[in-house]
Participant: 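Please find one structure pasted underneath; my questions will follow.
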Amino acid sequence: MNVSPIMPDSSPHPVLPPYLEALNEEQRAAVFHSGRSLLILAGAGSGKTRVITTKIAYLIREQGVDPRTILAVTFTNKAAREMADRARLIDGRAGFAILRTFHSFGAWFLRRHGSLAGLDSGFIIYDDDDTASLLGAIMEGSSRGEVREAAHHIARAKDYFLSPDDPELTLIDHRREFRRIYRDYEERLAKTGNVDFGDLIKKPVEILRNNPAMAERFRSRFKVIMVDEYQDANVAQFELLKEIRSEDTYVCVVGDDDQSIYRFRGAEVRNILEFPERFPGTDIIRLERNYRSLAPILSIADSVVNHNEGRLGKTLIAVRGTGKKPVLAFLPNQDEEVMFCAELIEEARAKHKVVYADWAILYRTNAQSLGFETEFLRRRIPYRVVGSLKFYEREEIKDALALLALLVNPRDEVAFCRVVNKPARGIGAATVKRVVNAALAEALDFRTAAERLTPKVSAKAHVGFEAFFHAIEQGRATLLASGGTRGAALAEEAGEDEVEVDKPAKTAPRKRRGTHGVLKGSHKREDLIADEGLSVCVVTLLMESGIAEYHLNRDEIAGNQRISNLQELANAASLYHATEAGLLDFLEHIELDRSPEDTDANDPNKVTLITLHNTKGLEFRRVIMTGVEQGVFPREDKRNEELEEERRLFYVGATRAMDQLYLSTCALRRMYGHTMPMFPSVFLHEIDREGLRIVGDPPYAFSKKEYEDYDEYQD
């Protein structure tokens with residue numbers, strides 16, 4: 001495509017339409033660019049969405065490009081709608097361009113041309129649960145976890161455009177039987193006449209490759225192809241891009257290699273790193289002016305990500321100018337970390353009228369929200385949890401609490417019905433109802449009622465009841481004989497390499513020290529180490545009942561997260577005595593946490609609790625990045641490319657902050673029911689200390705070039 005910019009070379013002060021006048025020099029250069037393929041390397045907060053939407057409208061409005069020949073794709077429906085809406089505001093004809101997500105484009109293609117692959121236009125798109133159900137019929141005798149793992153590996157194989165016979169399939173799953181499972185799944189899926197999400201990309205590529213005439217039609221149709229968030233593209237999506245592009249097609253991709261953080265979803269950072277090689281003659285325009293964050297924040301983010309080798313390189317420039325240095329707080333333990341955050345928020349509100357909505361607390365895993373939720377509820381600080389349920393609303397936590405409830409009240413009908421057949425023990429709903437009715441009629445506990453009904457239930461149900469009540473008794477026994485060494489049992493249940501280290505929470509009603517005192521004083525580690533306490537009971541119940549294994553086996557990724565959440569509950573229980581009174585205190589404390597005085601549910605003025613992965617695309621005035629410790633962020637098992645992705649995750653988190661950034665790291669953290677020593681994250685060692693305001697008591701290995709008391713860095 002050969003088009004010329006509307007900016008005349010001869011005029012030193014060209015007159016531009018208002019929608020172009022608002023752009024900076026680099027943004028305008030990207031909009032005006034024509035001819036060869038273009039990579040717009042857009043740093044965080046650099047206005048990339050404005051550039052890509054303006055470029056679409058510019059091509060239509062000023063260059064006369066037929067909007068029907070423009071294809072623009074991105075990764076979320078929200079982003080696609082925003083792109084379309086913004087472009088239409090400049091020129092209404094932009095509504096005739098194809099602006100879609102990759103998957104919706106694939107579905108659009110298959111509805112029209114799927115017959116070339118034996119598909120009827122009325123096919124159904126299978127989700128993860130549908131895929132697992134289909135695989136369950138193929139993998140008879142396999143556990144739910146094995147089925148979920150196979151489903152996950154098949155999805156990854158399709159992301160990498162690998163077929164059952166592809167030699168490189170061993171990179172996804174080296175087991176010989178996986179090829180057979182994948183092949184059988186594809187045959188079974190074909191017989192249903194339906195597709196899964198991976199097929200929405202993979203099948204269009206196959207159709208285009210097998211039908212040259214069809215491919216030529218598409219290549220001649222699309223004169224302009226634009227891809228937003230290109231760093232999130234997987235291999236199959238790149239293959240699709242190649243198939244619908246001709247030599248004359250103008251290809252423009254927008255992305256940031258430093259924000260590629262979705263490898264676990266199949267995103268391949270090499271797509272953007274190698275784009276100039278795959279499309280020879282590519283021009284690169286860097287958008288380095290950041291309109292979001294102050295300069296000291298960007299300096300911290302850059303200093304960490306600059307340690308990555310796999311990047312194209314850029315340096316962000318803070319348009320908003322300089323500001324306060326980010327704060328690095330060294331704290332004794334995660335309880336003080338939670339209070340540190342709460343006090344920051346409360347004091348900023350009291351002294352400077354800073355609203356709750358200005359704050360975001362970032363953490364590596366969902367399970368880390370528990371401590372903040374507990375403390376915020378106690379202090380009546382309104383909050384919202386983004387991207388997940390609140391801690392006590394999660395299925396696995398409700399299951400664990402139901403088991404604990406039965407220890408103190410063997411007649412708890414709700415708890416009994418929730419977990420008696422979870423995991424499945426051959427006890428049908430009708431049998432459960434009969435036991436409940438018998439217990440209510442004669443004022444019996446459920447075990448006694450079940451034993452009396454033994455002659456009237458199936459042998460399978462009888463065995464199931466015995467197994468369930470045995471598990472309850474095993475948990476009860478730990479209250480009578482507290483102690484033991486099973487605090488790390490959940491880690492063993494999931495496998496050392498699978499459990500992600502997360503940050504436990506403080507739930508015990510204990511004497512609270514103000515953050516001022518914590519940062520000024522020094523404390524012996526042995527004084528802060530708590531024994532396992534009630535956590536032994538929690539872990540025993542979770543394992544003996546099969547609840548831990550049940551949730552681990554849900555699928556490879558979600559199962560590990562559920563185990564992390566259950567471990568977090570055990571961590572919280574470790575602060576209570578392993579007695580019936582301690583258990584009652586624990587459950588009462590949780591119940592009070594779950595039932596606070598209701599605040600306005602529609603009030604948007606709330607602190608945001610959010611994982612680092614979920615922050616992408618968001619921004620907040622004040623950000624606290626918590627748990628910046630080795631083994632937590634990054635995890636100990638991260639090496640090479642995975643460690644580089646963790647650095648990018650740090651970069652994404654830091655660049656969410658507009659005005660102030662805080663980093664917190666702890667000397668001690670409860671994990672697996674024990675309090676363990678922690679060490680500052682490698683990322684903190686990669687930051688120039690001159691760019692930080694350090695508070696607290698750094699470990700000896702982290703030499704403090706600058707030290708300030710807590711009082712000295714508040715506004």
Side-chain angles (χ1 to χ4, degrees), residues 22-31 33 38-52 54 228-232 253-262 269 272-273 275-276 283-328 360 362 612-613 615-625 628 644-663 683-693:
L23 304 179
N24 67 36
E25 184 179 350
E26 297 81 22
Q27 292 172 335
R28 208 172 293 154
V31 170
H33 181 273
L38 174 65
L39 167 59
I40 303 175
L41 203 59
S46 61
K48 71 172 182 60
T49 303
R50 167 180 282 189
V51 171
I52 195 169
T54 301
D228 191 17
E229 301 286 6
Y230 190 64
Q231 77 281 345
D232 294 335
V253 300
V254 185
D256 183 1
D257 52 334
D258 290 333
Q259 295 190 72
S260 180
I261 59 173
Y262 297 126
V269 70
I272 192 167
L273 295 178
F275 185 84
D283 290 322
I284 300 177
I285 294 178
R286 289 172 168 80
L287 303 184
E288 298 177 307
R289 297 193 210 187
N290 177 284
Y291 293 89
R292 177 188 300 143
S293 306
L294 296 174
I297 296 171
L298 298 183
S299 177
I300 295 300
D302 278 341
S303 66
V304 172
V305 82
N306 280 342
H307 283 78
N308 278 353
E309 295 181 4
R311 64 191 298 259
L312 295 172
K314 62 185 175 304
T315 302
L316 297 180
I317 301 167
V319 173
R320 295 180 58 217
T322 191
K324 296 179 180 178
K325 293 181 180 180
V327 173
L328 170 57
L362 280 50
L612 285 152
H613 278 101
T615 61
K616 194 156 174 294
L618 303 178
E619 61 184 24
F620 306 92
R621 289 284 173 190
R622 301 179 179 213
V623 165
I624 311 174
M625 197 184 306
V628 191
E644 294 211 347
E645 180 158 308
E646 291 285 298
R647 282 199 187 92
R648 295 194 291 268
L649 193 56
F650 182 98
Y651 170 88
V652 167
T655 55
R656 301 310 97 191
M658 300 171 68
D659 299 336
Q660 287 185 257
L661 173 65
Y662 302 83
L663 309 171
F683 301 153
L684 299 181
H685 292 276
E686 294 173 349
I687 298 172
D688 181 0
R689 311 291 166 79
E690 297 298 326
L692 292 168
R693 307 176 73 181

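All values below were derived from every heavy atom in this structure, side-chain atoms included, with hydrogens, water molecules and symmetry-related copies excluded.
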Participant: Given Y291 and N24, is the side chain to side chain donor-acceptor pair (under 3.5 Å) satisfied, shown in steps?
Facilitator: CA-CA 11 Å; Y291 293 89; N24 67 36; 2.7 Å; yes
Participant: Using the rule given for side-chain contact (heavy atoms from CB on, under 4.5 Å), can you reason through R693 versus R689, listing the C-alpha separation, both sets of side-chain angles and the distance that settles it, and then say yes or no?
Facilitator: CA-CA 8 Å; R693 307 176 73 181; R689 311 291 166 79; over 6 Å; no
Participant: Taking all non-hydrogen atoms of both residues, which atom of N290 and which atom of L298 are closest, and how far apart?
Facilitator: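 Heavy atoms of N290 and L298 come nearest at CB-CD1, 3.6 Å.
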Participant: Is there side-chain contact between V254 and Y230, with at least one heavy-atom pair below 4.5 Å?
Facilitator: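 The answer is no, as the side chains (C-beta and beyond) never meet within the 4.5 Å cut-off.
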Participant: First locate atom CG of L618, then atom CZ of R656, and finally report the distance between them rounded to the nearest 0.5 Å.
Facilitator: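 It is 7.5 Å, given to the nearest 0.5 Å.
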Participant: Which heavy atom of I284 sits nearest to which heavy atom of P276, and what is that distance?
Facilitator: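 Scanning both residues completely, I find the closest heavy atoms to be CD1-CG, 3.9 Å.
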Participant: Can you list the residues that meet the salt bridge (charged side-chain N to carboxylate O under 4.0 Å, His left out) rule with R289, with sequence neighbours excluded?
Facilitator: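 Result, salt bridge (charged side-chain N to carboxylate O under 4.0 Å, His left out) vs R289: E26.
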Participant: Provide the full list of side-chain hydrogen bond (donor to acceptor under 3.5 Å, both in side chains) pairs with a residue in residues 294-307, sequence neighbours left out, each pair given once.
Facilitator: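 Residue pairs with at least one partner in residues 294-307: N306-R311.
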Participant: Do V253 and F275 pass the side-chain contact (heavy atoms from CB on, under 4.5 Å) test, and can you show the C-alpha distance, the side-chain angles, and the key distance before you say yes or no?
Facilitator: CA-CA 9 Å; V253 300; F275 185 84; 3.8 Å; yes
Participant: Which heavy atom of L38 sits nearest a heavy atom of A30, and at what distance?
Facilitator: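 Residues L38 and A30, closest heavy atoms: CD2-O, 3.8 Å.
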Participant: What's the separation between atom CZ in F620 and atom OG1 in T615, rounded to the nearest 0.5 Å?
Facilitator: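 One finds 7.5 Å between CZ of F620 and OG1 of T615.
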Participant: Which heavy atom in S46 sits nearest to a heavy atom in G43, and how many Å separate them?
Facilitator: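 Of all heavy-atom pairs spanning S46 and G43, the closest is OG-O, 2.6 Å.
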Participant: Do S260 and I272 have side chains that approach each other closer than 4.5 Å (heavy atoms only, starting at C-beta)?
Facilitator: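 A side-chain contact is absent here, since even the closest heavy-atom pair is not under 4.5 Å.
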Participant: So, using salt bridge (charged side-chain N to carboxylate O under 4.0 Å, His left out) as the criterion, who are the partners of E288 when residues are at least two apart?
Facilitator: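 By the salt bridge (charged side-chain N to carboxylate O under 4.0 Å, His left out) rule, E288 matches no residue at all.
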Participant: Applying salt bridge (charged side-chain N to carboxylate O under 4.0 Å, His left out), can you list everything that pairs with E646, at least two apart in sequence or on another chain?
Facilitator: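 For E646, the residues satisfying salt bridge (charged side-chain N to carboxylate O under 4.0 Å, His left out) (neighbours in sequence not counted) are R364.
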Participant: Taking side chain as C-beta onward, heavy atoms only, is M658 less than 4.5 Å from V623?
Facilitator: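 SC-SC contact between M658 and V623 ruled out.
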Participant: Are any of the side-chain heavy atoms of L316 and Y651 separated by less than 4.5 Å?
Facilitator: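 They are in contact (side-chain heavy atoms under 4.5 Å apart), so the answer is yes.
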Participant: So, S293 side chain and A657 main chain: donor-acceptor pair closer than 3.5 Å or not?
Facilitator: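 Judged by distance alone, yes, a pair lies under 3.5 Å.
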Participant: Contact between L312 and R286 at the side-chain level, heavy atoms closer than 4.5 Å - yes or no?
Facilitator: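 They are in contact (side-chain heavy atoms under 4.5 Å apart), so the answer is yes.
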Participant: Do you know which two heavy atoms are closest between A301 and A654, and how far apart they sit?
Facilitator: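 Smallest interatomic distance, heavy atoms only, reads CB-CB, 3.9 Å.
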Participant: To the nearest 0.5 Å, how far apart are CG in L287 and NZ in K48?
Facilitator: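 Between L287 CG and K48 NZ, I get 10.5 Å after rounding to 0.5 Å.
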Participant: To the nearest 0.5 Å, how far apart are CD1 in I687 and CD1 in I300?
Facilitator: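 Answer for the CD1-CD1 pair, I687 versus I300, is 4.5 Å.
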Participant: Does any non-hydrogen side-chain atom of V31 lie less than 4.5 Å from one of V51?
Facilitator: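 The answer is yes; the side chains approach within 4.5 Å.
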Participant: So, do D258 and K314 sit near enough that their side-chain heavy atoms are less than 4.5 Å apart?
Facilitator: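 Answer yes - side chains close enough.
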Participant: Between atom CZ of R28 and atom CD1 of I285, what is the distance when rounded to the nearest 0.5 Å?
Facilitator: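 Answer for the CZ-CD1 pair, R28 versus I285, is 12.5 Å.
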Participant: Under the side-chain contact (heavy atoms from CB on, under 4.5 Å) test, which residues partner E644, sequence neighbours left out?
Facilitator: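 N308, E309, R647, R648.
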Participant: Starting from the C-alpha separation in whole Å, work towards a yes-or-no answer on side-chain contact (heavy atoms from CB on, under 4.5 Å) for M625 and L612.
Facilitator: CA-CA 9 Å; M625 197 184 306; L612 285 152; 4.2 Å; yes
Participant: Side chains of L328 and L684: does their closest heavy-atom pair fall under 4.5 Å?
Facilitator: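 A side-chain contact exists here, since the closest heavy-atom pair is under 4.5 Å.
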Participant: List the residues meeting side chain to side chain donor-acceptor pair (under 3.5 Å) with Q231, not counting sequence neighbours, and say none if there are none.
Facilitator: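 Checked Q231 against side chain to side chain donor-acceptor pair (under 3.5 Å); matches are E229.
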Participant: How many angstroms lie between atom CD1 of I624 and atom CG of L362, to the nearest 0.5 angstrom?
Facilitator: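 So the CD1 of I624 and the CG of L362 are separated by 9.5 Å.
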Participant: So, for E645 and Y262, which heavy atoms are closest and what is the spacing to 0.1 Å?
Facilitator: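 Of all heavy-atom pairs spanning E645 and Y262, the closest is OE2-N, 3.9 Å.
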Participant: Output yes when a side-chain donor or acceptor of K616 lies under 3.5 Å from a complementary backbone atom of G653, and no otherwise.
Facilitator: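 Not confirmed, K616 side chain does not pair with G653 backbone.
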